[in-house]
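In what follows, a structure is listed as structure tokens, so that the remarks can point back to it.
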There are 2 protein chains.
Amino acid sequence: MLNQTAALDLMFQALADPSRRSMVERLSRGPASVSELAKPLTMSLPAVVQHLQVLENSGLIRTEKIGRVRTCHIDWVAMKTAEQWMDERRKSWELRLDRLGDFLASEDNH
Amino acid sequence: MLNQTAALDLMFQALADPSRRSMVERLSRGPASVSELAKPLTMSLPAVVQHLQVLENSGLIRTEKIGRVRTCHIDWVAMKTAEQWMDERRKSWELRLDRLGDFLASEDNH
DNA sequence: AGTTTGGTTAAGCATATGCTTAAGTAAATC
DNA sequence: GATTTACTTAAGCATATGCTTAACCAAACT
């Protein structure tokens, strides 16, 4: 298993490409095959497969091959990890704002 | 102004590096100067500045130079854009789960 | 058995990224 | 005025990324 930092590297990196995000958007509406994911994109099939490998390697999606078709779906537990990182930053910020608010309120009492 | 897609590219790309995320973590606790951000990192100062440029270019942070010190802080509006993208995927997923739930419930009535 | 469909593997290539060192510049301190 | 501090700019370099085409494989159809 990778540590948290390396996992976040791979996830944010995976989400940093518009083609990969469009695949994730499609998959957030339910599972799809490789060629289904490739259809709206203007690149070659190997390119699509390479993008899928990046997504799968990041843990954001999982795939399963049955017969000759590979079905892809999002791993929501992994997706949550990325969301959580941003959540934590925001909490830290909100805490800071609260403390600033308290400070200003106490200043009013002088 | 950039379109939403290009903006997301830059933001996720910016967050895909552990040094840059550590800078954002530091800044989520309040503004800091360039050398303050550089202190915990093991790279040269120009390298730090290059990371800051990536962050600033993504819109996630803003900087202002007063005298000879440049002060950096997070732009929370931009940060929200990235959070929102993930939020929307999750909503789409939850909607799908709801519909699946409804379907299974209606199946029970047969 | 032959063809189509859905995907895979491999090689190559152009550009982007993440560093480095060396050499500035300009504000603040001595 | 000289030195230190806080960056800044530029050049160079190794590796990573995002594609491409060509060739292949094995399941499904006819």
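Letters A, B, ... are given to chains in the order of the sequence lines, protein chains preceding strands, and every chain is numbered from 1.
Between the CZ atom of R21(A) and the P atom of dG18(D) there is a distance of 12 Å, given to the nearest Å. Rounded to an integer number of Å, the gap from H51(B) NE2 to dT8(D) C1' is 16 Å. What separates CE of M43(A) from P of dT17(D) is a distance of 16 Å, to the nearest Å. Rounded to an integer number of Å, the gap from CG of L45(B) to C1' of dG18(C) is 15 Å. Distance N57(A) CG to dT17(D) C1': 14 Å, rounded to the nearest Å. Atom C1' of nucleotide dC7(D) and atom NZ of K39(B) are separated by 14 Å, given to the nearest angstrom. Going from atom CZ of F12(A) over to atom P of dT17(C) covers 18 Å, rounded to whole Å. One interatomic measurement links the two molecules: CZ of R70(B) to P of dA27(C), which rounds to 13 Å at whole-angstrom precision.
At least one donor-acceptor pair under 3.5 Å links the side chain of R21(B) to the backbone N or O of L15(B). The backbone N or O of A14(B) sits less than 3.5 Å from a side-chain atom of R20(B), completing a donor-acceptor pair.
Partners of E94(A) by salt bridge (charged side-chain N to carboxylate O under 4.0 Å, His left out), not counting sequence neighbours, listed by chain and number: R90(A).
Here the side chains of V34(B) and L45(B) are in contact, with some heavy-atom distance below 4.5 Å.
For the pair G67(A) and A47(A), both in contact range of DNA chain D, the more 5′-proximal nearest nucleotide belongs to A47(A). Nearer to the 5' terminus of DNA chain C, by closest-nucleotide assignment, is the contact made by V34(A) (compared with the other of V34(A) and S19(B)).
Side-chain to base pairing of Q50(A) with dT20(D): one donor and one acceptor N or O lie within less than 3.5 Å of each other. Judged by atom type and distance alone, R68(A) reaches the base of dA27(D) through a side-chain donor-acceptor pair under 3.5 Å.
Distances shorter than 4.0 Å separate none of the side-chain N or O atoms of S35(A) from OP1 or OP2 on dT5(C). Using a 4.0 Å cut-off, some side-chain N or O of S44(A) falls inside it from OP1 or OP2 of dT20(D). For dG6(C), neither phosphate oxygen OP1 nor OP2 lies less than 4.0 angstrom from any side-chain nitrogen or oxygen of K65(A).
Ring-plane geometry between F12(B) and W85(B) is classed as perpendicular, the angle between the planes exceeding 60 degrees on a 0 to 90 degree scale with a lower cut at 30.
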